[in-house]
Novice: 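Here it is: the structure, laid out below.
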Amino acid sequence: MALKINLYRNNNESSTKYGRVYGRVENLKPIDIDGLAHHMSEHNTPYSKGVIKGILTDIASCIRELMLAGQPVKIADLAIFKASVVSDGAKDAESFDLSKHIKNVKLCAIATGIVTRKELTNEALLEYTSLAQKVREGKVELSMGNGAGDAQTGGQG
């Protein structure tokens with residue numbers, strides 16, 4: 001299966017790249033843990049969908065718990081999951097206040113093994129969405145918006 005690529009035009013007038021056209025993956029509806037468990041159970045495994053779903057549910061909560069304790073979790077050929085913060089700067093160390101200067105805590109996922117940028121780039125099959133192909137052929141105009149979907153729908157593509 002291929003990644004479907006939509007087109008969008010940079011509409012940031014202050015950007016030196018204003019008006020340039022870029023590609024963006026058209027993502028499908030996310031698969032939840034139940035759907036992932038079903039998918040995994042079809043890969044010649046002795047484990048049922050229910051067992052896999054239980055493990056996935058536990059892994060999600062355990063990774064969260066460990067990250068919030070400052071412990072990165074590496075899952076080979078997927079990612080290293082760790083917590084990071086967005087912080088405002090303080091004038092000096094004495095005036096730095098955790099409740100004032102830490103804006104939020106976020107998840108960082110650093111690709112490892114077969115899902116690194118290089119590996120994904122080497123393996124990915126790419127094709128245009130049907131709308132992006134129409135834009136390329138001049139059948140539909142690409143507007144100054146978020147995506148090729150703007151050409152017909154006014155929404156994000």
Side-chain angles (χ1 to χ4, degrees), residues 1-12 15 17 20-132 145-157:
M1 227 166 135
L3 288 174
K4 301 283 188 172
I5 305 298
N6 243 337
L7 302 176
Y8 74 98
R9 188 180 305 274
N10 179 338
N11 63 358
N12 181 351
S15 171
K17 307 293 185 187
R20 293 191 60 101
V21 175
Y22 296 89
R24 179 180 291 157
V25 172
E26 179 179 71
N27 289 302
L28 304 173
K29 180 182 174 188
I31 293 177
D32 60 12
I33 285 182
D34 194 54
L36 181 57
H38 176 77
H39 175 83
M40 291 174 67
S41 71
E42 295 179 335
H43 281 270
N44 297 321
T45 178
Y47 302 107
S48 70
K49 175 185 162 189
V51 169
I52 294 170
K53 182 178 178 181
I55 291 169
L56 291 172
T57 301
D58 287 350
I59 197 172
S61 64
C62 288
I63 288 173
R64 179 183 185 277
E65 176 185 344
L66 290 165
M67 284 188 333
L68 288 173
Q71 178 65 61
V73 177
K74 179 177 181 177
I75 299 177
D77 290 327
L78 182 60
I80 299 169
F81 298 93
K82 66 180 187 173
S84 180
V85 296
V86 176
S87 174
D88 283 341
K91 182 176 79 173
D92 52 42
E94 292 79 23
S95 63
F96 190 90
D97 182 318
L98 292 174
S99 63
K100 178 180 175 188
H101 292 94
I102 301 295
K103 296 302 176 189
N104 58 52
V105 178
K106 62 182 183 175
L107 162 72
C108 287
I110 303 161
T112 64
I114 62 172
V115 294
T116 60
R117 182 181 303 197
K118 180 181 176 185
E119 290 294 325
L120 292 175
T121 301
N122 288 340
E123 293 293 322
L125 300 174
L126 306 174
E127 63 183 44
Y128 294 107
T129 63
S130 59
L131 184 54
N146 292 327
D150 293 344
Q152 292 178 344
T153 66
Q156 287 189 6

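Note: hydrogens, waters and symmetry copies are ignored here, and every other heavy atom, side chains too, is used.
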Novice: How far apart are the closest heavy atoms of Thr116 and Ala111, and which atoms are they?
Specialist: CA-CB, 3.8 Å
Novice: Val115 and Leu78: which non-hydrogen atoms are nearest, and at how many Å?
Specialist: CG2-O, 2.6 Å
Novice: Any non-hydrogen side-chain atom of Ile5 less than 4.5 Å from a side-chain atom of Thr129?
Specialist: no
Novice: In the structure I gave you, are the side-chain heavy atoms of Leu56 and Met40 within less than 4.5 Å of one another anywhere?
Specialist: yes
Novice: If I compare all heavy atoms of His101 with all of Phe96, which pair ends up nearest, and what's the gap?
Specialist: CB-CE1, 3.4 Å
Novice: Which atom pair, heavy atoms only, marks the closest approach of Cys108 to Ser84?
Specialist: SG-CB, 3.3 Å
Novice: Hey, are the side chains of Lys49 and Asp34 touching, using non-hydrogen atoms and a 4.5 Å cut-off?
Specialist: yes
Novice: Does a side-chain heavy-atom distance below 4.5 Å link Arg9 with Arg20?
Specialist: no
Novice: Looking at CG of Asn27 and CG of Asn6, how far apart are the two atoms once the value is rounded to the nearest 0.5 Å?
Specialist: 10.5 Å
Novice: For Ala37 versus Ile52, what's the shortest heavy-atom pair and its separation?
Specialist: CA-CG2, 3.7 Å
Novice: In terms of heavy-atom contacts, does CD of Glu123 have more than 12 from other residues, nucleotides or ligands at under 6.0 Å?
Specialist: no
Novice: Using side-chain hydrogen bond (donor to acceptor under 3.5 Å, both in side chains) as the criterion, list what pairs up with Lys103, not counting sequence neighbours.
Specialist: Asp88
Novice: Got Lys82 and Ile110 here, is their nearest side-chain heavy-atom distance under 4.5 Å?
Specialist: yes
Novice: Would you sort out whether Ile31 and His39 count as a side chain to side chain contact (heavy atoms under 4.5 Å, CB included), showing the intermediate values?
Specialist: CA-CA 10 Å; Ile31 293 177; His39 175 83; 5.9 Å; no
Novice: Got His43 and Thr45 here, is their nearest side-chain heavy-atom distance under 4.5 Å?
Specialist: no
Novice: If I compare all heavy atoms of Thr112 with all of Lys74, which pair ends up nearest, and what's the gap?
Specialist: CG2-CE, 4.1 Å
